[in-house]
Every structure is written in structure tokens, then in C-alpha cells.
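What follows is a short report on a single structure.
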Amino acid sequence: MSEIKIEIAKNKEKYNEEASNKYKVGMVSLGCDKNRVDSEIILGKMSDEYEITNNPKNADIIIVNTCGFIESAKQESIDTILEMANYKINYKCKLLIATGCLTQRHGEELRTLIPEIDIMLGVNDYNKINAIITEFIEGNKLATELLNYSDENINEGKRIITTQRESAYIRIAEGCNNFCTYCIIPKIRGKFRSRKMENIINEARDLSESGVKEIILIAQDTTLYGSDIYGKKNLHVLLKELSKIEGIKWIRVLYCYPEEIYDELINEIACNEKVVKYLDIPIQHISDKILKLMGRKTSKKDIINKIQILREKVPGIVIRTTFIVGFPNETEEDFNEIIDFLKEYKLDKVGAFTYSQEEDTPAAKMDGQIEEGVKEEREKALMLLQKNISEEINKLKIGKLYDILVEGYNGKCYYGRSYEMAPDIDANVLFESNAKIENGEFVKVKIIENMDYDLVGVVVDESCK
């Protein structure tokens, strides 16, 4: 019998009265920013009954919110669960909870392989977490029924923000209807379902009142927002309503599938001063043959056309994308289409990752799987090219003025982001200042030096609000 059960058996009434003050909860969140939002909701739901700690050594209950998207993410999740299991031996931890995409996908296997896990939850039942902890403590039960989630649910509610206080993510929809052949997300997260607009606006207003200056809208595909509950795509309407919140200065939109970007959305981005001129458009490939094998609903011609329209209609727009290299049947000619595309269109921000052969996906069963060494060589070549493109683009920024959202001080200089930079994935602007600047303030900075990705500047106006 575990230590926590012995305590309850000795004095159950005392436990009920003091648990909220005595027991501390620590969270390890892995994977994407959508997973981060889930983690913040979990902490929000637990905060009334438990004390939250960011030090796992002090935690009585540790939660690992896992990622199960690709093989490397699954391995990181497993390694983290095993690492946290050691805290049950060497530190205070009495209860280890695993949740998220990996448990949703491989819960039965994890229970066998890692018996140290006390409770497993899926991805859409976090509103039950407090009850399930009590149920486990009292009845020694694993929450297996929660793995069979309902894809009608959307996790919402109070959040404990884990990002820098000046910036926060808002998930505007859950799930995905695209069923790309390499992706398991629709099977894990369910069908696409939008949140009600009033709920999103209320959340944004609460974040603004807590000091957040930048909100970042996320979903598996943000451009589809509203199509399920309002009968048409409504992201442009949401942006207009969110921009009315006084304390919000920047509204950033991530993960816009190119085929779903529509005229009203482009016009709103162009005309709305609070919507930053930055779009993350997951292209994944540019070869028509590979796009078709991926199950993508677009073509090379359509992608190029959309980029040209965005650059024409939204001056100064920054476009970020990702590519998958080494997809089954990708030839050197297919890969070189990406290289030639980047050389010609010089996208501002580009990431790449090698194709991961994920079980239960159509692509995993395809003939023509590519050797790992070839995948890695192609990824390296692509990112080397993009490094040179980024340096070329950054040189053009020297002498320009930017409003910089200050995020911190590293002991030598301040750092922050311009509208061209999303948190966690893009670079920073580094600058010195004789005056003390608080995180979350905006200052105007002149760029004087470019690096591979970061920029260096000097403050020209410390009263930019």
C-alpha cells in the first residue's frame, strides 16, 4: 500500500480537509502548443484543490502530458514518464499521472510497460481529473474508461498560464478533418470542432486583464474556424471581435492550411492593425506527386498562387512553413522541387523534419519507404539552404525600426520579439538599454546587425505602448 493510501486510511477525514493545502501538483508538458493549452487547463482545474509547483522534487502528484505525434516525440514522452517515476522513489511524489496523445493512442501498452503509472487519462476528459484522482485513491482504480473519449468534448475553462505572462495561446478549435496520410491526429483528437466565439472572446478578455499583450490563435487548422458551428468559415469575424479588446496589442494566427485561406481572412489581416502580419502555413511539400500521396488538398500551383496573393495584399507579411522530407516515394527530383521553390520564393521562416513511419497511418503501409540516412541528408540540405536565405533576409532588416515585445534580460542585454517572430519557434531581437524595462513592455528598436537568425538592435524609443 502506497504512502498516500496509508495516510488516508489513518485519517480520511483529515485528508479531505487538508489535501488542498498539503498536496502539491507538478506538470511536465511535452509536444505542441495545443498540448500546452491542455496542460494549462488541467492545472486550472486542479488549482482550487491543490497547490501548483514547478519543481517536481516538491510535488506529491506529478502529471506528464505526453505527445504521440511522431516516433521521436513518443520516445521523449516515455523517457519523461520513466524519469518522473524515479521521483516516486527518491522524492515526495506519491501519484504519477500520464495523459495526452500518447496515452490516448497507446494506453494499454503503457500500462504494461510502465506499471509505475498510477492513472492514465486521454485527451478530452480533463474536467474529470479531480474526481478520478479521488476515485483512484479510494478505490485503487485506473481510469481506463477515460481513454475512450468522446470527440464531442472540447477542453475549456480556467487556465494556469505557463508561458511568459505577456503572451498566451488560445485554442479556437479541437480535432481535425483533413486525414493526411502521414498523420494520426484525427484518430487521437477526433473530428474538427470549433469553440463558441463568445467563449474565446471571454477567455481573451480574461487574459488581457491578467496582463497578456499578445494572443496566439491555434488549432489543427485555424482557417476552418466556425465552419462546423456557424455554417461558414468565420476566422475573420473572430479576429475583428478580438481586436476590440483594449489591452491586446498583437493577435497572431498559426496553422493556416493554404487551401483554406480565403479572401475575407486576407482582407482582415491586411486591414486590422492588431493582427500581426505573420502566418504559419504548413505546406509540408511542393511536389504535386508527393502532395497527392500525402492526402493534401492542394497543389504546387495553388500554394504559389496563395503566397503571391498574400504578399500582394498584405505588405510586409511574414510566412512560416514546415516541410516533411523523405516521404515514401520521394525522389531526388521531388526533393529538389522544394529546394528550387525555396530559392525562388524565399520564405521567411522554414522548419523541416524527416518523415516518421507512424503505425495506423496509410503512409506507413506505402511501398517506397526512404532510408533514414537519405532523409537526414535531405533535411540537412534543406535547413542549410534556409539558413542562407534567413541571413539574406535579415540583412535587409538593418536600419529598420520595429516595435519589440520585451520578454526578458539575459544578464547582458534585453531580448524580445518583433511581429515577425512567434514565441518558442522563431529567433529574438537582442538590444541594450540604460533604462530598466519590464517584461511585457513594447519598445521601438532599430536593427543594426544581423545574425543567422537573431537580430541585434538599439532602443530609439522606450515609450512605445
Side-chain angles (χ1 to χ4, degrees), residues 1-9 12 15-16 18-31 35-36 38-68 73-149 155 160 162 188:
M1 183 177 287
S2 68
E3 178 185 345
I4 193 170
K5 294 191 187 104
I6 292 172
E7 289 179 9
I8 295 168
K12 186 174 180 180
Y15 168 77
N16 290 334
E18 298 181 358
S20 62
N21 296 323
K22 186 173 184 179
Y23 291 104
K24 297 181 180 180
V25 174
M27 168 73 76
V28 181
S29 186
L30 304 172
N35 224 35
R36 179 195 289 270
D38 277 342
S39 296
E40 293 175 345
I41 290 172
I42 293 170
L43 292 176
K45 292 184 182 302
M46 300 186 73
S47 61
D48 290 338
E49 297 187 32
Y50 301 92
E51 181 180 342
I52 309 302
T53 177
N54 59 9
N55 186 349
K57 293 181 180 180
N58 296 331
D60 302 286
I61 300 172
I62 295 179
I63 305 170
V64 180
N65 193 8
T66 62
C67 178
K74 290 189 287 186
Q75 188 60 55
E76 181 186 21
S77 294
I78 291 170
D79 291 343
T80 302
I81 292 171
L82 291 172
E83 179 187 354
M84 293 300 108
N86 288 327
Y87 284 75
K88 296 176 71 175
I89 301 172
N90 300 315
Y91 296 98
K92 293 178 60 179
C93 180
K94 307 172 184 68
L95 199 61
L96 178 60
I97 301 173
T99 186
C101 291
L102 187 65
T103 56
Q104 184 69 55
R105 188 177 178 189
H106 297 291
E108 294 294 332
E109 297 171 62
L110 285 174
R111 186 186 311 150
T112 301
L113 294 172
I114 312 178
E116 293 90 344
I117 298 174
D118 298 301
I119 294 175
M120 284 190 295
L121 301 178
V123 296
N124 282 330
D125 286 298
Y126 298 138
N127 60 315
K128 301 177 182 178
I129 190 166
N130 291 331
I132 210 67
I133 290 174
T134 301
E135 180 183 349
F136 170 80
I137 290 171
E138 295 182 349
N140 193 22
K141 296 179 181 178
L142 281 173
T144 54
E145 68 274 15
L146 296 185
L147 298 177
N148 299 315
Y149 70 96
N155 293 315
I160 302 296
T162 59
I188 295 175

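Judged as a ring pair (Phe, Tyr, Trp, His ring centres under 6.0 Å), not a single pair has a partner in residues 109-130 (not counting sequence neighbours).
If you take OG1 on Thr66 and NZ on Lys74, they are separated by 11.0 Å, rounding to the nearest 0.5 Å. Rounded to the nearest 0.5 Å, atoms OG1 (Thr112) and NE2 (His106) are 13.0 Å apart. In this structure, CD1 in Ile61 is found 12.0 Å from CD in Glu51, a value given to the nearest 0.5 Å. Remark: Lys92 NZ to Tyr23 OH distance equals 9.5 Å, nearest 0.5 Å. With values rounded to the nearest 0.5 angstrom, Met27 atom CE is found 10.5 Å from Ile160 atom CD1. Separating the CG atom in Leu110 from the CD1 atom in Ile78 is a distance of 6.0 Å, to the nearest 0.5 Å.
Between Cys101 and Gly68 the shortest heavy-atom distance is CB-N, 3.5 Å. Residues Met120 and Gly107 share a closest heavy-atom pair of CE-O, 3.1 Å.
With sequence neighbours left out, the side chain to side chain donor-acceptor pair (under 3.5 Å) criterion links Asn65 to Ser39. Partners of Lys88 under the salt bridge (Lys or Arg N to Asp or Glu O under 4.0 Å) rule, at least two apart in sequence or in another chain, are Asp118.
Considering Ile114, Leu113, Ile119 as possible partners of Ile117, the one that fulfils the side chain to side chain contact (heavy atoms under 4.5 Å, CB included) test is Ile114. If you run side chain to side chain contact (heavy atoms under 4.5 Å, CB included) between Ile42 and each of Ile97, Ile63, Val25, Asn130, only Ile63 comes through.
Met84 is listed as a side-chain neighbour of Pro56, based on a closest heavy-atom distance under 4.5 Å.
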Item to complete: With side-chain contact (heavy atoms from CB on, under 4.5 Å) as the test, would you mind laying out the steps for Leu121 and Thr103 before giving the verdict?
Response: CA-CA 7 Å; Leu121 301 178; Thr103 56; 5.7 Å; no

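Distance alone, capped at 3.5 Å, places no donor-acceptor pair between the Asp60 side chain and the Lys94 backbone. With hydrogens and angles ignored, the 3.5 Å screen pairs no side-chain donor or acceptor of Glu116 with any backbone N or O of Leu82. Listed for the Ser77 side chain is a donor-acceptor partner under 3.5 Å among the backbone atoms of Cys67.
A 6.0 Å sphere centred on CG of Asn54 holds no more than 12 heavy atoms belonging to other residues, nucleotides or ligands.
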